[in-house]
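Computed from heavy atoms alone, side chains included, the values below leave out hydrogens, waters and symmetry copies. Not measured: the values here are computed from a predicted model. Chain naming here is simple, since letters A, B, ... match the order of the sequence lines and numbering starts at 1 in each.
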Amino acid sequence: MSEVFQAPVGTHDVLGDESARWEGVIATFAQLAYRYGFSMIVTPTFEDVGVFNRGIGEKSEVATKEMYVFEDRGGRSYALRPEGTAPVVRAFVQHNPTPPFKAWYFTPAFRYERPQKGRYREHHQLGAEVLGSEDPAIDIEVISLLNDYFRAVGLKRFRILINSMGHDECRLAYVETLKAYLAARVDSLCAEHQKVWDTNTLRLLDCKKSECISVTDAGPQLPDHLCADCDAHFEKVKYGLDALGIACERAPRLVRGFDYYTRTTFEFVSDALDGAQNAIGGGGRYDKLAEQLGGSPTPGIGFGSGVERLLLALEAEGVTKPLIDRTPSVFVVDTTEDDVATALCYELRAAGIAAVRAYDNRSMKAQMKVADKSGARFALLIGPQELAAGEITIRDLRSAEKVEQVSFPRSEVLAEVLLRLGK
RNA sequence: GUGGGCGUAGCUCAGUUGGUUAGAGCGCCAGGUUGUGGUCCUGGAGGUCGCGGGUUCGAACCCCGUCGCUCACCCCA
């Protein structure tokens with residue numbers, strides 16, 4: 001047993017019933033993203049470490065101690081992606097597509113940290129990004145896409161937190177004001193922030209310790225320091241969401257973990273999950289990121305949403321049924337030496353029918369058991385009798401007491417199955 | 001990085017103060033009148049009790065170490 005390899009710490013295999021749930025939420029997202037005018041983007045799983053250092057901030061928690069960084073044989077320094085946005089922006093800068101560029105993705109994300117419920121070293125995110133416009137309508141679209149998505153998969157108990165961090169000038173000015181205010185009150189902060197209050201000052205707003213909260217509550221507030229433009233932009237976003245009936249909570253303390261955010265930031269939190277891991281999706285504007293990655297100034301906005309966490313939230317709300325049906329329509333039982341099943345399955349599948357079968361020449365009873373467990377609506381039986389008569393017996397597996405079973409000539413079976421399946 | 005809990009069959013677990021060939025349920029396999037599932041009955045396969053060392057006449061059980069899993073803190077999806 002100890003010789004058997006296991007999935008690395010903080011990673012998971014997804015199989016069986018669980019994978020159908022994954023397929024469901026991914027397909028739902030892909031469909032919605034298409035409806036919103038997004039096309040799929042696939043970027044490398046690893047990038048030059050600079051993409052993330054410059055993007056999410058060298059001093060950020062993720063960049064300093066959570067990145068999987070490695071050197072390849074050529075001495076280049078790479079990092080497994082810790083998040084989805086920076087790679088998309090890097091790709092945008094590299095290829096310079098015509099804006100607005102709207103892309104969605106499904107990707108693994110890697111962070112070296114101690115795993116726990118709802119937090120893993122490799123998790124998966126569905127995300128969407130728009131580059132090339134600072135129109136508040138884009139902010140609204142992006143947030144409503146995520147909102148639609150969560151509703152579509154059956155999530156009910158979630159809230160949307162929204163904030164504006166201002167553009168560079170007003171945010172940096174605010175940070176200076178905040179620093180000056182804090183400098184005189186360092187002793188009143190929580191133990192952790194007494195040490196790091198001046199390196200990552202904004203993050204202090206997000207501290208949950210009562211000491212920090214009371215200090216920052218009494219201090220200068222970010223919303224009061226937005227310039228007129230940023231303020232107007234934010235008002236339009238809020239107004240637009242309100243007009244769509246999408247309720248948002250103003251969250252002045254919402255400061256997300258990556259340095260690239262400007263103006264609109266938002267987070268979707270599940271009330272069905274415990275506080276520490278209740279964020280099921282989050283994002284915001286990053287109007288300077290393209291420049292930071294060497295491109296021409298291009299505003300952008302997007303979000304990432306954790307698949308594992310969403311599935312946990314759904315489970316917590318009692319939604320465990322996969323969104324898509326992956327049960328087969330028919331199960332072919334063949335006990336003859338002629339292996340009619342192979343050709344029959346081929347024909348059924350070509351006609352768009354999900355057909356499965358048993359293997360290894362098992363007994364009829366054994367094959368029927370498997371057929372039952374597969375959830376298939378019909379069993380197609382081929383035994384010596386059918387073989388001799390050139391027929392196939394169609395048995396309705398849903399029938400319980402009175403068994404419903406009829407034989408048809410081999411040539412008529414496909415049409416009969418299609419008819420019975422209502423296709 | 002810090003702290004708590006747990007490692008016995010594929011899964012969920014039981015195993016009394018250390019005492020013979022380690023159990024249950026589910027799952028799996030095979031049967032239950034001559035080809036037919038879901039209920040029921042019978043039988044069967046499957047475990048070096050995470051790994052290593054120690055104490056003991058004797059260890060799944062006690063001690064030490066080690067590896068793994070898990071939960072929480074920090075932070076995030």
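Salt bridge annotation for A:Asp339-A:Arg357: present, with a cationic side-chain nitrogen under 4.0 angstrom from a carboxylate oxygen. Under the 4.0 Å criterion applied to side-chain N and carboxylate O atoms, A:Arg256 and A:Glu267 are assigned as salt-bridge partners.
Two residues are said to be in side-chain contact when any heavy atoms from C-beta on lie closer than 4.5 Å; A:Tyr181 and A:Val215 meet this criterion. At a threshold of 4.5 Å between non-hydrogen side-chain atoms, the residues A:Leu348 and A:Leu380 count as touching. Between A:Val319 and A:Leu155 the shortest side-chain heavy-atom distance does not fall below 4.5 Å.
A:Gln367 comes within contact range of no nucleotide atom at all, as no heavy-atom separation falls under 4.0 Å. Here A:Gly281 lies in heavy-atom contact (under 4.0 Å) with sugar-phosphate atoms only. Residue-level contact check: A:Glu267 touches neither bases nor backbone, having no heavy atom under 4.0 Å from any strand. As judged by a 4.0 angstrom heavy-atom cut-off over every strand, A:Gln405 is placed among the base-contacting residues. Contacts of A:Tyr112 with the nucleic acid, taken as non-hydrogen atoms under 4.0 Å apart, are absent. A:Leu387 comes within contact range of no nucleotide atom at all, as no heavy-atom separation falls under 4.0 Å. Heavy atoms of A:Leu381 sit under 4.0 angstrom from at least one base atom. When heavy atoms are screened at a 4.0 angstrom cut-off, A:Ala371 is found touching no nucleic acid atom at all.
Put simply, CZ on A:Phe106 is 17 Å from P on B:A77, counting in whole angstrom units. One atom, CG of A:Leu146, and another, P of B:A77, lie 12 Å apart when rounded to the nearest Å. Rounded to an integer number of Å, the gap from CG of A:Asn278 to P of B:C73 is 11 Å. Look at CG on A:Asn361: it is 16 Å from C1' on B:A30, rounded to the nearest Å. When the P atom of B:G10 is taken as reference, atom CG of A:Asp13 falls 17 Å away, rounded to whole Å.
Across the P atoms, B:G27 and B:U16 are found 28 Å apart, a figure rounded to whole Å. Across B:C63 and B:U2, the matching P atoms stand 24 Å from one another, rounded to whole Å. Spacing between B:G25 and B:G68 at atom C1', rounded to whole Å, works out to 26 Å. Remark: the separation of the C1' atoms in B:G10 and B:C29 is 13 Å, to the nearest Å. When the P atom is compared between B:U34 and B:A24, the two are found 30 Å apart, to the nearest whole Å. Between B:U21 and B:C13, the two C1' atoms lie 23 Å apart (nearest whole Å). When the P atom is used for both B:C64 and B:G4, the distance is 14 Å, rounded to whole Å. As rounded to the nearest Å, B:A60 and B:C41 have P atoms that lie 34 Å from one another.
Residues from residues 309-317 of chain A lying near RNA chain B, meaning a heavy-atom separation below 4.0 Å, are A:Arg309 in numerical order. Within residues 46-55 of chain A, no residue approaches RNA chain B, by heavy-atom distance under 4.0 Å.
Annotation: ring-ring contact (aromatic ring centres under 6.0 Å, His included) contacts of A:Phe303 (sequence neighbours excluded): none. Partners of A:Glu134 according to the salt bridge (Lys or Arg N to Asp or Glu O under 4.0 Å) rule, which considers only residues two or more places apart in sequence or in another chain, are A:Arg263. Partners of A:Glu386 according to the side-chain hydrogen bond (donor to acceptor under 3.5 Å, both in side chains) rule, which considers only residues two or more places apart in sequence or in another chain, are A:Thr393. Remark: A:Asp148 engages A:Tyr36 in a side-chain hydrogen bond (donor to acceptor under 3.5 Å, both in side chains) (not counting sequence neighbours). Taking the side-chain hydrogen bond (donor to acceptor under 3.5 Å, both in side chains) definition, one finds that A:Gln367 meets it with nothing, sequence neighbours left out.
Side-chain contact of A:Gln31 with A:Arg35: a donor-acceptor pair under 3.5 Å is absent, judged by distance alone. No side-chain N or O of A:Arg326 forms a donor-acceptor pair with one of A:Ser19 less than 3.5 Å apart. In the model, A:Gln292 has no side-chain atom that pairs as donor or acceptor with a side-chain atom of A:Tyr286 under 3.5 Å.
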Please tabulate, one pair per line, all N/O donor-acceptor pairs under 3.5 Å involving side-chain atoms of residues 414-423 of chain A, not counting sequence neighbours.
unit_1   : atom_1 : unit_2   : atom_2 : d
A:Glu416 : OE2    : A:Arg420 : NE     : 2.8
A:Lys423 : NZ     : A:Gly352 : O      : 3.2

Anything under 3.5 Å between a donor and an acceptor, one on a side chain of residues 244-252 of chain A, the other on a protein residue two or more places apart or in another chain? List them.
unit_1   : atom_1 : unit_2   : atom_2 : d
A:Glu249 : OE1    : A:Arg159 : NH1    : 3.0
A:Glu249 : OE2    : A:Arg159 : NH1    : 3.3

Can you give the dot-bracket line for RNA chain B, where a pair is Watson-Crick or G-U wobble with both atom distances under 3.5 Å, crossing pairs use [ ], and | marks a partner on another strand?
(((((((..((((.....[...)))).(((((.......))))).....(((((..]....))))))))))))....
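The aromatic rings of A:Phe266 and A:Phe268 sit perpendicular, their planes meeting at an angle over 60°, well past the 30° parallel limit. The aromatic rings of A:His124 and A:Phe106 sit parallel, their planes meeting at an angle under 30°, below the 60° perpendicular limit.
Here the side chain of A:Arg253 pairs a donor or acceptor atom with the backbone of A:Ile213 at under 3.5 angstrom.
The aromatic ring of A:His124 does not sit over the base of B:A77, since the test of centres under 5.5 Å and planes under 30° is not met.
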Expected rows: protein N/O vs nucleotides 68-72 of chain B N/O, under 3.5 Å:
unit_1 : atom_1 : unit_2   : atom_2 : d
B:G68  : O2'    : A:Gln6   : OE1    : 3.4
B:C71  : OP2    : A:Lys117 : N      : 3.3
B:A72  : OP2    : A:Gln116 : OE1    : 3.2
B:A72  : OP2    : A:Lys117 : N      : 3.2

With 3.5 Å as the limit, what N/O pairs link the protein to nucleotides 38-41 of chain B?
unit_1 : atom_1 : unit_2   : atom_2 : d
B:G38  : O4'    : A:Asp372 : OD2    : 2.9
B:G38  : O6     : A:Ala400 : O      : 3.1
B:G38  : N1     : A:Ser399 : O      : 3.0
B:G38  : N1     : A:Ala400 : O      : 3.4
B:G38  : N2     : A:Ser399 : O      : 2.9

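Of the two residues contacting RNA chain B, namely A:Val333 and A:Lys373, the nearest-nucleotide position lying further toward the 5' end is that of A:Lys373. Ranked by how close their nearest RNA chain B nucleotide is to the 5' end, A:Glu83 and A:Ile382 are led by A:Ile382.
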